[in-house]
2 protein chains.
Amino acid sequence: MTSHIEQLCIEKGLKMTDQRRVVARVLSEANDHPDVEQVHIRAMRIDPNISIATVYRSLRLLEEASIIERLDFGDGRSRYEEACERHHHHLIDIQTGEVIEFINDEIEELKRKIAHDLNYRLIGHRLELYGIKRRTDKDE
Amino acid sequence: MTSHIEQLCIEKGLKMTDQRRVVARVLSEANDHPDVEQVHIRAMRIDPNISIATVYRSLRLLEEASIIERLDFGDGRSRYEEACERHHHHLIDIQTGEVIEFINDEIEELKRKIAHDLNYRLIGHRLELYGIKRRTDKDE
DNA sequence: GTGAGGATGCAAATCATTCTCAAGTGTCAG
DNA sequence: CTGACACTTGAGAATGATTTGCATCCTCAC
């Protein structure tokens with residue numbers, strides 16, 4: 001079976017090796033935001049011989065091809081997710097590590113406006129929220 | 001002379017050593033966002049014997065006391081600035097590395113609202129914009 | 001002034017990530 | 001189908017930022 005990411009790789013003309021197919025599949029099947037070690041562990045379930053160096057190389061390749069996105073939640077590890085047309089951001093539950101994705105057009109517009117007002121053209125940006133679950137409606 | 005940060009340390013009851021005073025002074029006098037190596041270099045101009053390990057330890061201490069803030073611009077190094085009551089964010093010029101601080105109440109409000117709508121209480125957040133200077137008014 | 005707990009300097013250790021290099025593989029032309 | 005050639009891979013060493021172990025030194029409350 002050809003994973004969605006593998007399909008994108010082929011369309012971009014990337015040379016497909018068994019290892020890249022495995023990494024592509026792992027990320028296509030993930031619905032979380034695994035770090036490199038987690039990707040490696042999942043990849044080894046498919047190909048026990050795949051090396052961590054190859055995982056790093058494949059992730060970098062996919063990122064440079066804009067097929068996946070690298071996330072940085074400030075804990076010193078890179079996490080990855082399949083790139084999405086729709087721009088979104090992340091809310092990280094600091095108690096459980098759970099990551100909630102959200103989209104907000106107002107924020108997108110504001111960011112652009114802020115950069116513009118500072119006389120800059122916006123190239124990239126990064127927004128993460130860190131929070132804890134509200135127990136009651138009293139919580140702010 | 002007692003630097004502003006040293007003053008805050010005293011108020012928080014932190015044990016003050018010569019080295020901590022030096023790091024406090026370096027950060028109080030900085031009006032940029034130095035990384036650890038830069039803090040160390042500046043500190044060594046005051047006390048040539050201060051070790052990088054102590055700089056790391058002092059920075060961590062000050063950060064944990066909420067006296068300074070750690071910034072992460074995604075280049076693998078931590079940068080620091082004096083904590084500011086007024087919450088602000090950073091626009092990084094990806095051509096020059098220059099960092100522009102900005103404040104935007106609408107964004108603050110939006111972040112709070114987004115977290116609230118997701119049933120979370122906002123604890124922390126992080127927003128950085130990366131851009132390049134606009135040459136003409138034509139640029140977006 | 002003293003002592004106990006904490007801080008420092010140095011070097012070794014960690015951690016994530018990248019690189020080196022020899023050996024293996026995918027792709028494309030023929 | 002076959003080979004050439006450039007590109008990949010695995011293993012481990014190297015890197016760069018940061019932390020830690022340990023022996024020694026310093027701060028501060030008493």
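Residue numbers begin at 1 in each chain, while the letters A, B, ... track the order of the sequences.
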Student: What is the separation between atom CG on B/Leu59 and atom C1' on D/dT18, rounded to the nearest whole Å?
Tutor: 11 Å
Student: Side chains of residues 62-72 of chain A: which donor-acceptor partners sit under 3.5 Å, not counting sequence neighbours?
Tutor:
{"unit_1": "A/Arg70", "atom_1": "NH1", "unit_2": "A/Ser78", "atom_2": "OG", "d": "3.3"}
{"unit_1": "A/Asp72", "atom_1": "OD1", "unit_2": "A/Gly74", "atom_2": "N", "d": "2.7"}
{"unit_1": "A/Asp72", "atom_1": "OD2", "unit_2": "A/Arg126", "atom_2": "NH2", "d": "3.4"}

Student: Can a side chain N or O of B/Gln19 be found less than 4.0 Å away from OP1 or OP2 on D/dC25?
Tutor: no
Student: Under the salt bridge (charged side-chain N to carboxylate O under 4.0 Å, His left out) test, which residues partner A/Asp75, sequence neighbours left out?
Tutor: A/Arg77, A/Arg79
Student: Considering only nitrogen or oxygen atoms on both sides, find all protein atoms under 3.5 Å from nucleotides 13-17 of chain C and state each distance.
Tutor:
{"unit_1": "C/dA16", "atom_1": "O3'", "unit_2": "A/Gly76", "atom_2": "O", "d": "3.3"}
{"unit_1": "C/dT17", "atom_1": "OP1", "unit_2": "A/Ser78", "atom_2": "N", "d": "3.0"}
{"unit_1": "C/dT17", "atom_1": "OP1", "unit_2": "A/Ser78", "atom_2": "OG", "d": "2.9"}
{"unit_1": "C/dT17", "atom_1": "OP2", "unit_2": "A/Tyr56", "atom_2": "OH", "d": "2.7"}
{"unit_1": "C/dT17", "atom_1": "O5'", "unit_2": "A/Tyr56", "atom_2": "OH", "d": "3.3"}

Student: For B/Asp47, check salt bridge (charged side-chain N to carboxylate O under 4.0 Å, His left out) against everything at least two apart and list the hits.
Tutor: none
Student: Among pairs that include at least one residue of residues 35-87 of chain A, which meet ring pair (Phe, Tyr, Trp, His ring centres under 6.0 Å), considering only residues two or more places apart or in two chains?
Tutor: A/Phe73-A/His90, A/His87-A/His89, A/His87-A/His125
Student: Scan nucleotides 21-30 of chain C against the protein and return all N/O pairs shorter than 3.5 Å with their distances rounded to 0.1 Å.
Tutor:
{"unit_1": "C/dG26", "atom_1": "O3'", "unit_2": "A/Met16", "atom_2": "O", "d": "3.3"}

Student: Given D/dT20, C/dC10, D/dG10, which nucleotide is nearest the side-chain atoms of B/Arg60?
Tutor: D/dT20
Student: Tell me, please, which residues at least two apart from A/Glu98 pass salt bridge (charged side-chain N to carboxylate O under 4.0 Å, His left out).
Tutor: A/Lys133
Student: The criterion is side-chain hydrogen bond (donor to acceptor under 3.5 Å, both in side chains); which residues satisfy it with B/Arg20, sequence neighbours excluded?
Tutor: none
Student: Is there a side-chain contact between A/Thr54 and the phosphate of D/dG10, meaning an N or O under 4.0 Å from OP1 or OP2?
Tutor: yes
Student: Let me know the distance between CZ of B/Arg20 and P of D/dC25, rounded to the nearest Å.
Tutor: 18 Å
Student: Nearest whole angstrom, please: distance from the P of D/dG12 to the CG of A/Asn49.
Tutor: 13 Å
Student: Return the value, rounded to whole Å, for the distance between atom CD1 of A/Ile50 and atom C1' of D/dA11.
Tutor: 14 Å
Student: Just to verify, what does B/Arg25 make a side-chain contact (heavy atoms from CB on, under 4.5 Å) with, not counting sequence neighbours?
Tutor: B/Ser3, B/Glu29, B/Ile46
Student: With clusters defined by side-chain heavy atoms of hydrophobic residues (ILVMFWY) lying less than 4.5 Å apart, directly or transitively, does A/Ile50 cluster with A/Leu14?
Tutor: yes
Student: I need the full list of salt bridge (Lys or Arg N to Asp or Glu O under 4.0 Å) pairs touching residues 6-19 of chain B, with sequence neighbours left out, sorted by first then second residue.
Tutor: B/Glu6-B/Arg21, B/Asp18-B/Arg21
Student: Tell me, please, which residues at least two apart from A/Arg86 pass salt bridge (charged side-chain N to carboxylate O under 4.0 Å, His left out).
Tutor: A/Asp105
Student: Five pairs per end, C1' atoms only: what is the angle between the end axes of the helix from C/dG1-D/dC30 to C/dG30-D/dC1, to 10 degrees?
Tutor: 40°
Student: Quick check for you: to the nearest 0.5 Å, what is the distance between B/Leu127 atom CG and B/Glu108 atom CD?
Tutor: 8.5 Å
